Engineer: 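Right, I'll just put the structure down here and ask away after.
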Amino acid sequence: MLKRLCKTNKRSIAIMSSAAKKPVVQQPEWIKPSRQTGDAPVLHIYNSLTRSKDEFIPLRNNHITWYCCGPTVYDHSHMGHARNYVSTDICRRILQDYFGYNVKFIQNVTDIDDKIIIAARQEYLFEQRVSSKYTAVTPKLLDVSKEYLEYYITKTLPQFEKTDVEKDFIPWLDSVNVQEIAVTNPKFPMYTKAARTAHSSIYSSASETTPIDDYLSSIKEVAMPFLDNELGSTVNDPSIFRKLPSFWEKKFNDDMGRLNVLPPSITTRVSEYIPDVIEFVEKIITNGFAYATKDGSVYFDTAKFENDPNHDYAKLQPWNKGDMSLINDGEGSLSTGQDTKKNAADFALWKGSKPGEPSWPSKWGEGRPGWHIECSVMASDITGQTMDIHSGGVDLCFPHHDNELAQSEAYFDNKQWVNYFMHNGHLHIQGQKMSKSLKNFITIEEALNDFTSRQLRLVFALSYWEKPIDFKDSLIKEVKSWESSVSKFFTTVRALNNDYKHTLAEGGYVSKKLSQAERQLYDNLTKAQTETHAAFCDNLSSPLVLRTIQELVSKSNNYIQSCATGENELRIEVLLEISSWIVKILKILGFETRSDKLGWLDSNGSESEGSASKEDIAMPYVKALSQFRDAIRNMAINKSSFGDFLNASDSIRSDLINLGISLDDRPNGSALIKFLNTQEQDELKKQQADKENALLEKEKKKQQQAIENAKKEQERLEKMKVNPSDLFRDPKSYSEWDEQGIPTKDASGEEVSKSMRKKLTKQYQQQEKLYQEFLKLQSQ
């Protein structure tokens, strides 16, 4: 019995255990998506080293090392600099903010250079010897000014062969073809302009009464070369050579800030790299590609490098490597010892300093860096023996960048110091190239007086970064048109979104179901996103992207219009999605955008009214509403016409435009409220002013017509009073008349011709009708 019970219990436990055991569950099979067929776009960048678009492959996965040639700081930054640095900024932002690369962006400041040395000396000497000594235009100042001018003309305008500068110079200047000479001597217009300005001030009959600041400004350009020639070698204070570049470096940074150019990750200055330059030059000598000369300079041996089987010289522009004008320009105007070079194309790595130039001790003697070596040393210090990207203006290809490549590859004894060279195209203004050395440039500060920072960035974003740009009227017109259409779209979307939120707040029902119109618009967005990715992959082509955005805005506007006419029922979500995406792309391109993703910032950099009190903000609007209410109330009391009410409605609309609000009428009778940005407000104000002026002109013409009509009526009344028998009683014209008073003979006694008599009879009959009408009026 006990055994049977135990067996039964065991069986029960086994059944319970079996029942408690969970069935085995298997994960369902996951079907791996198949990759789309077709050519997926891959990032390509135009590479000056190959003169083609090459696939971009960074040295380290998602990291980029990028060195950009920075400014030589001795004068104002101009629109050429804006083209270079804004275009570079756009490319940099696309790579880091669209493609997601971590960009280490290095940019130098050249604060030691022949141009800087000369400019610093000349500014110092003019201040010490002229501007600080004279508080008025004196005979002594006029005498030295004449000496300055004669030296300047002799030095820069040797074509002038006469001796009497006062009498002969201006007639000679008027006789020469400046533009023709400028073809072979680009600086000729600059020289003639400076000389003409100085001559006009010095030999003016009113020169001694000219304000001293105006006078000094007019002679400065001709005075400085004379002073530098006489006294330049005496300027040895190192602080003089630091002061000028320090001032212009700050101005450059201010200009870049106003253009919303991102600051570099790392900034380098040549003056802080002198020991590194010396070490770099020493190793190039050790590697056999440089040699010292007796004047304390060191030159790069271009022939030795070019003939080395492991190296190539002038990779960027091999066709220019024998161009001595480019080579000499790259060496600088203060270079000496050229006769000690092995080859004419050899370039200075280290320059022996002369009196009047900054200097540092080295094993070759007191000297300073050559121009080209500076970038090699500073870039290599950060990036090492190879970097991903090097950029700069296309005018730097040869000799500057070609020499950088040569000396760096000689130092590291490698084959390729830079993998991708990106050169921005030239900027021309109305077809004319700008240059600091030619003093024919438009400064960034001047440009920002005429255009907004956003408009200037649009100029460069609507142009391919590697192509030349002609900053001309047609391009400005395209930029303003693009900006206006996109701004208006953002304004409309914000207004519709406010209207939508107001409807919800009032408890209104808004359908969410998509119609075909919204589906099509979402498809348009997808297409724009696809095209944008392909454009960015194709050499960072921002112009294609902006035109894609413009097309998407146009399609969105068509949808909005179809909703306004009742063809479709508006769904705000698709417009918010499009606006958000466009803002994302604009932000990537460096445009300042709103935090709500519904547009870009106003021209003053704001998206709201600021921190004023509610009363301060509301008062102008409440005042306009109060005045409108008073007018409507009085018209209702006085039982005014419907036209008066409509006029009052137009008046409040005009007042609101002045306050930055537009009321757009809709077919359903309600108005769409738009908050305007400054540009849109100005446009509507102008349209309003044009409309008012047109109405005034129309009223003026109407009044003028009324006056003319009244005058004609008065003349007609006067004419009506004339008895037809007296109409032709003029003895000076006629001598005989018939019984009705119609002439039969003219004043000389000749018979009046039949055709003339017929004409006179017709006039008589017309006057008879008028006279009868007059008699009728009199009788009444």
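Bear in mind that the values here come from a model prediction, so they are computed numbers and not experimental data.
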Engineer: Where the side chain of D164 meets the backbone of E166, is there a donor-acceptor pair that is under 3.5 Å apart?
Structural biologist: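 Answer holds: yes.
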
Engineer: Should V722 and Q767 count as side-chain neighbours, where that means a heavy-atom distance under 4.5 Å?
Structural biologist: yes

Engineer: Okay, side chain of T210, backbone of A206: is any donor-acceptor separation there less than 3.5 Å?
Structural biologist: yes

Engineer: Does a donor on one side chain sit under 3.5 Å from an acceptor on the other, for Y509 and T503?
Structural biologist: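 The criterion, which ignores hydrogens and geometry beyond distance, is not satisfied for T503 and Y509.
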
Engineer: Measuring from atom NZ of K758 to atom OG1 of T761, what distance do you get when rounded to the nearest 0.5 angstrom?
Structural biologist: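 Result: 10.0 Å between the selected atoms.
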
Engineer: When you measure from the side chain of Q520 to the backbone of A517, do you find a donor-acceptor pair of N or O atoms at a distance under 3.5 Å?
Structural biologist: no

Engineer: Check the side chains of Q705 and N709 for a donor-acceptor pair under 3.5 angstrom, ignoring hydrogens and angles.
Structural biologist: yes

Engineer: Is there a donor-acceptor contact under 3.5 Å linking the side chains of N638 and S640?
Structural biologist: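 There is no such pair (donor and acceptor under 3.5 Å, judged by atom type) between the side chains of N638 and S640.
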
Engineer: Filter on salt bridge (charged side-chain N to carboxylate O under 4.0 Å, His left out), then keep only pairs touching residues 745-757, sequence neighbours left out; what's left?
Structural biologist: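 Matches after skipping sequence neighbours: E736-K745, D738-R757.
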
Engineer: Excluding sequence neighbours, so at least two apart, what forms ring-ring contact (aromatic ring centres under 6.0 Å, His included) with W172?
Structural biologist: F160, F169

Engineer: For V553 versus S485, what's the shortest heavy-atom pair and its separation?
Structural biologist: CG1-O, 4.0 Å

Engineer: Run the numbers on W482 and I549 for side chain to side chain contact (heavy atoms under 4.5 Å, CB included), then give the verdict.
Structural biologist: CA-CA 10 Å; W482 195 97; I549 288 175; 3.9 Å; yes

Engineer: Ignoring hydrogens and geometry, is there a side-chain-to-backbone donor-acceptor pair from T192 to P189 under 3.5 Å?
Structural biologist: yes

Engineer: Whether the N260 and S453 side chains hold a donor-acceptor pair (N or O, under 3.5 Å, no angle test) is what I'd like checked.
Structural biologist: no

Engineer: State, with a plain yes or no, whether a side-chain heavy atom of L456 is found less than 4.5 Å away from one of V479.
Structural biologist: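 With C-beta onward as the side chain, the pair stays apart.
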
Engineer: Can you tell me if S218 uses its side chain to pair, donor with acceptor, with the backbone of Y215 under 3.5 Å?
Structural biologist: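 Yes, the answer is positive, given that a donor and an acceptor are paired below the 3.5 Å cut-off.
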
Engineer: Test your reading of the model: is there a side-chain donor-acceptor pair from T548 to the backbone of L544, 3.5 Å cut-off?
Structural biologist: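 Yes, T548 side chain to L544 backbone: donor-acceptor pair under 3.5 Å.
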
Engineer: Could you work out, with salt bridge (charged side-chain N to carboxylate O under 4.0 Å, His left out) as the rule, every residue matching D655, not counting sequence neighbours?
Structural biologist: none

Engineer: Carefully, step by step, assess F591 and R457 under the rule side chain to side chain contact (heavy atoms under 4.5 Å, CB included).
Structural biologist: CA-CA 8 Å; F591 296 98; R457 183 169 284 262; 3.7 Å; yes

Engineer: Do W600 and S487 get their side chains close enough for a donor-acceptor pair, meaning under 3.5 Å?
Structural biologist: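 There is such a pair (donor and acceptor under 3.5 Å, judged by atom type) between the side chains of W600 and S487.
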
Engineer: Taking the side chain as every heavy atom from C-beta outward, state whether L552 and I578 have any pair of such atoms under 4.5 Å apart.
Structural biologist: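 The answer is yes; the side chains approach within 4.5 Å.
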
Engineer: Taking side-chain contact (heavy atoms from CB on, under 4.5 Å) as the definition, give me every residue that meets it alongside K472, ordered by chain and number, with sequence neighbours left out.
Structural biologist: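 Listed in chain order: Q430, D470, S474.
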
Engineer: Please check this pair: side chain of H76 against backbone of H78, looking for a donor-acceptor N/O pair closer than 3.5 Å.
Structural biologist: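 No: the side chain of H76 does not pair with the backbone of H78.
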
Engineer: Indicate yes or no for a side-chain donor-acceptor contact from Q455 to the backbone of T452 under 3.5 Å, with no hydrogens or angles considered.
Structural biologist: yes

Engineer: Report yes or no: do Q561 and N557 form a side-chain donor-acceptor pair below 3.5 Å?
Structural biologist: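 Looking only at side-chain atoms, N557 and Q561 do not form any donor-acceptor pair under 3.5 Å.
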
Engineer: Can R594 and D596 be counted as an ion pair, charged N to O under 4.0 angstrom?
Structural biologist: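 Judged by the 4.0 Å cut-off on N to carboxylate O distance, R594 and D596 do form a salt bridge.
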
Engineer: So do the side chains of I661 and L676 get within less than 4.5 Å of each other, counting heavy atoms only?
Structural biologist: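 No, their side chains stay 4.5 Å or more apart.
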
Engineer: I'd like to know if the side chain of E518 pairs up with that of Y559 as donor and acceptor (distance under 3.5 Å, no hydrogens or angles considered).
Structural biologist: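 Yes, because at least one side-chain N or O of E518 sits under 3.5 Å from a partner of the opposite role on Y559.
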
Engineer: Can you tell me how far the CD atom of Q516 sits from the CG atom of N568, to the nearest 0.5 Å?
Structural biologist: 10.0 Å

Engineer: Are T443 and E446 packed together at the side-chain level, in the sense that at least one heavy-atom pair is separated by less than 4.5 angstrom?
Structural biologist: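 Answer yes - side chains close enough.
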
Engineer: CD of E708: more than 12 outside heavy atoms within 6.0 angstrom?
Structural biologist: yes

Engineer: Please work out whether the ring planes of Y734 and F728 are parallel, tilted or perpendicular, with thresholds of 30° and 60°.
Structural biologist: perpendicular

Engineer: Does the pair S556 and L521 meet the rule for a side chain to side chain contact (heavy atoms under 4.5 Å, CB included), with working shown?
Structural biologist: CA-CA 7 Å; S556 299; L521 206 49; 4.0 Å; yes

Engineer: In Å, rounded to the nearest 0.5 Å, how long is the span from CZ of F628 to OG of S651?
Structural biologist: 8.5 Å

Engineer: Which pairs with one or both residues in residues 760-780 pass salt bridge (charged side-chain N to carboxylate O under 4.0 Å, His left out), sequence neighbours excluded?
Structural biologist: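 The answer is R716-E773.
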
Engineer: Please list all pairs meeting salt bridge (charged side-chain N to carboxylate O under 4.0 Å, His left out) that have one or both residues in residues 544-573, counting only residues at least two apart or in different chains.
Structural biologist: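 Non-adjacent pairs meeting salt bridge (charged side-chain N to carboxylate O under 4.0 Å, His left out): E478-R547, K512-E573, E551-K555, E569-R571.
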
Engineer: When you compare the side chain of I219 with that of I202, does any pair of heavy atoms fall below 4.5 Å?
Structural biologist: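 Yes, side chains in contact.
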
Engineer: When you measure from the side chain of S484 to the backbone N and O of S481, does any donor-acceptor pair fall under 3.5 Å?
Structural biologist: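 Between the backbone of S481 and the side chain of S484 there is no qualifying donor-acceptor contact (under 3.5 Å).
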
Engineer: If you apply the rule side chain to side chain donor-acceptor pair (under 3.5 Å), what do you find for Y464 with S542, and how did you get there?
Structural biologist: CA-CA 7 Å; Y464 294 95; S542 59; over 6 Å; no

Engineer: Any non-hydrogen side-chain atom of F774 less than 4.5 Å from a side-chain atom of L717?
Structural biologist: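 No - every pair of side-chain heavy atoms lies 4.5 Å or more apart.
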
Engineer: Taking atom CD1 as the centre, does I673 end up with more than 12 heavy-atom neighbours from other residues, nucleotides or ligands that are less than 6.0 angstrom away?
Structural biologist: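 Not more than 12 within 6.0 Å, no.
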
Engineer: Using salt bridge (charged side-chain N to carboxylate O under 4.0 Å, His left out) as the criterion, list what pairs up with E483, not counting sequence neighbours.
Structural biologist: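 With neighbours one apart ignored, the set is R454.
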
Engineer: Taking only residues at least two apart or on different chains, which pairs with a member in residues 662-688 satisfy salt bridge (charged side-chain N to carboxylate O under 4.0 Å, His left out)?
Structural biologist: K488-E683, D499-R666, R653-D665, D664-K674, K686-D690

Engineer: State which residues pass salt bridge (charged side-chain N to carboxylate O under 4.0 Å, His left out) with D174; sequence neighbours excluded, sorted by chain then number.
Structural biologist: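 Partners of D174 under the salt bridge (charged side-chain N to carboxylate O under 4.0 Å, His left out) test: R196.
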
Engineer: Can you list everything that forms a ring-ring contact (aromatic ring centres under 6.0 Å, His included) with Y203? Sequence neighbours excluded, please.
Structural biologist: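 ring-ring contact (aromatic ring centres under 6.0 Å, His included) check on Y203 returns H199.
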
Engineer: Going by the rule salt bridge (charged side-chain N to carboxylate O under 4.0 Å, His left out), which residues pair with E208 if we only count those two or more places apart in sequence or in a different chain?
Structural biologist: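 Salt bridge (charged side-chain N to carboxylate O under 4.0 Å, His left out) check on E208 returns nothing, list empty.
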
Engineer: Quick one: are L427 and P468 in side-chain contact, heavy atoms under 4.5 Å?
Structural biologist: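 No; the side chains remain at least 4.5 Å from each other.
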
Engineer: Would you check, one step at a time, whether the test side chain to side chain contact (heavy atoms under 4.5 Å, CB included) holds for V583 with L598?
Structural biologist: CA-CA 7 Å; V583 166; L598 292 177; over 6 Å; no

Engineer: Using only atom types and a distance under 3.5 Å, with no angle test, would you say the side chain of Q681 pairs donor to acceptor with the backbone of I657?
Structural biologist: yes

Engineer: Nearest 0.5 Å please: distance from the CG atom of N647 over to the OG atom of S641.
Structural biologist: 7.5 Å

Engineer: Could you give the distance from CD1 (I212) to CG (L216), rounded to the nearest 0.5 Å?
Structural biologist: 4.0 Å

Engineer: First locate atom CD1 of I572, then atom CG of L504, and finally report the distance between them rounded to the nearest 0.5 Å.
Structural biologist: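 Interatomic distance, I572 CD1 to L504 CG, rounded to 0.5 Å: 10.5 Å.
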
Engineer: Which residues satisfy the ring-ring contact (aromatic ring centres under 6.0 Å, His included) test with F451, sequence neighbours excluded?
Structural biologist: F471

